[in-house]
Amino acid sequence: MGQVSASSSITVAATPEKALAALTDYETVRPRILSDQYLDYRVLEGGQGGGTVAQWTLKATEKRSRDIKATVTVAGNTITETDASSSLVTTWVVAPCGSGWSVNTTTQWKG
């Protein structure tokens, strides 16, 4: 099977520290910024930064969904969410972009 990848990027008007703090707040901020494709989102362990474990159902299409149980690691400006039962990995990177900062996210898995 092939490698599947989806990515997006957005420029933010925040310092990298504030952007990272928001992205690693799995209890209050993350549920507010998730799209409608994330169903039944909940935090199982932690909730702030590395070591957090969160669970949700990702509705990829009308007929396809996947249950995700992600463990979070944080290294510098990179947040990695690794699914416990598949090859799915989502990476969030806060990076310089012109005079501001961007948040880049990529989800990859073996399809």
Side-chain angles (χ1 to χ4, degrees):
M1 301 200 141
Q3 183 80 9
V4 179
S5 180
S7 62
S8 68
S9 180
I10 187 170
T11 302
V12 295
T15 65
E17 294 81 12
K18 284 187 179 182
L20 285 165
L23 291 170
T24 58
D25 181 348
Y26 286 82
E27 290 180 303
T28 57
V29 175
R30 189 58 74 94
R32 293 192 333 244
I33 65 173
L34 293 175
S35 68
D36 292 340
Q37 284 74 31
Y38 290 79
L39 308 172
D40 303 321
Y41 176 87
R42 65 185 179 274
V43 174
L44 302 177
E45 296 176 29
Q48 301 291 322
T52 294
V53 178
Q55 189 170 4
W56 62 88
T57 299
L58 179 62
K59 185 176 179 184
T61 67
E62 193 64 34
K63 295 181 180 181
R64 298 185 91 169
S65 63
R66 172 178 292 281
D67 292 328
I68 307 293
K69 182 178 178 185
T71 300
V72 177
T73 57
V74 179
N77 286 357
T78 302
I79 304 159
T80 304
E81 302 168 349
T82 304
D83 184 30
S85 62
S86 75
S87 63
L88 189 135
V89 175
T90 298
T91 305
W92 301 76
V93 179
V94 177
C97 176
S99 61
W101 294 89
S102 67
V103 175
N104 307 296
T105 183
T106 302
T107 300
Q108 297 182 327
W109 67 98
K110 291 186 170 106

To the nearest 0.5 Å, how far apart are [atom1] in [X] and [atom2] in [Y]?
X   : Y    : atom1 : atom2 : result
T90 : I79  : OG1   : CD1   : 11.0 Å
D40 : I68  : CG    : CD1   : 12.5 Å
N77 : W101 : CG    : CH2   : 6.0 Å

[X] side chain vs [Y] backbone, donor-acceptor pair below 3.5 Å:
X   : Y    : result
S87 : K110 : yes
R30 : L23  : yes
D83 : K69  : yes

Determine the minimum heavy-atom distance between [X] and [Y], stating which atoms define it.
X   : Y    : value
T52 : G46  : OG1-C, 4.1 Å
A70 : E81  : CB-CB, 4.0 Å
V72 : V74  : CG1-CG2, 4.2 Å
Y26 : V43  : O-CG2, 3.3 Å
S9  : N104 : OG-OD1, 2.5 Å
L58 : W56  : N-CD1, 3.9 Å

Check: Side-chain contact, heavy-atom cut-off 4.5 Å: V93 with T91?
Finding: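 Yes; the side chains approach each other to less than 4.5 Å.
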Next item on the list: Kindly indicate whether the side chain of D67, heavy atoms from C-beta on, has any atom under 4.5 Å from the side chain of Q55.
Entry: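 No; the side chains remain at least 4.5 Å from each other.
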Between [X] and [Y], is there a shared hydrophobic cluster once you connect ILVMFWY residues whose side-chain heavy atoms come closer than 4.5 Å?
X   : Y    : value
V89 : V103 : no
L39 : I33  : no
V53 : V29  : no
V4  : W92  : yes

Notebook entry, point to check: Just wondering, are more than 12 heavy atoms of other shown residues or ligands nearer than 6.0 Å to CG in L44?
Noted result: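 Correct, the count exceeds 12.
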